[in-house]
Trainee: 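One structure coming up, written as structure tokens, with questions to follow.
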Amino acid sequence: MDREKLIELFEEYSDLINMGTADDAPSNDWINAAEKALLVSFPADYKWFLNNYGGGDICGGRNI
């Protein structure tokens, strides 16, 4: 799914989801440290999501 479609879905279903904002997002230093600690490279789309939302919940569920 492209990023613009994801943004549209977040806006369309804002009554069901509660996403974070770029203000809530982890810093690039934190993301880099997590990759190093986990010995992985996160996909660019996941880094974009972290930078723009940081996380959220769906229908009051667990954070993603």
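Along the sequence shown, residues are numbered consecutively beginning with 1.
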Trainee: So which pairs with a foot in residues 24-50 pass salt bridge (Lys or Arg N to Asp or Glu O under 4.0 Å), sequence neighbours left out?
Mentor: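 Every salt bridge (Lys or Arg N to Asp or Glu O under 4.0 Å) pair that includes a residue of residues 24-50, provided the two are not neighbours, is R3-D45, E35-K47.
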Trainee: Minimum heavy-atom separation for G54 to P26, with atom names?
Mentor: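 Nearest heavy atoms, G54 then P26: CA-CD, 3.8 Å.
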Trainee: Which residue pairs satisfy the ring-ring contact (aromatic ring centres under 6.0 Å, His included) criterion with at least one member in residues 2-21, sequence neighbours excluded?
Mentor: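 Residue pairs passing ring-ring contact (aromatic ring centres under 6.0 Å, His included), neighbours aside: F10-Y53.
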Trainee: Specify whether F49 and Y46 have parallel, tilted or perpendicular ring planes, treating 30° as the upper limit for parallel and 60° as the lower limit for perpendicular.
Mentor: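 Geometry flag for Y46 against F49: parallel rings.
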Trainee: Carefully, step by step, assess W48 and L6 under the rule side-chain contact (heavy atoms from CB on, under 4.5 Å).
Mentor: CA-CA 12 Å; W48 171 85; L6 184 64; 3.8 Å; yes
Trainee: Please round to the nearest 0.5 Å and tell me the distance separating atom OG1 of T21 and atom CG of N52.
Mentor: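 Interatomic distance, T21 OG1 to N52 CG, rounded to 0.5 Å: 9.5 Å.
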Trainee: Look up atom OG in S41 and atom CG in N32, then write down how far apart they are to the nearest 0.5 Å.
Mentor: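 Answer rounded to 0.5 Å: 9.5 Å.
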Trainee: Hey, mind stepping through N51 and I31 against side-chain contact (heavy atoms from CB on, under 4.5 Å) and telling me if it holds?
Mentor: CA-CA 9 Å; N51 285 322; I31 294 169; 3.6 Å; yes
Trainee: Could you state the interatomic distance from CG (L9) to CD (E4), rounded to the nearest 0.5 Å?
Mentor: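 Reported to 0.5 Å precision, the distance equals 12.5 Å.
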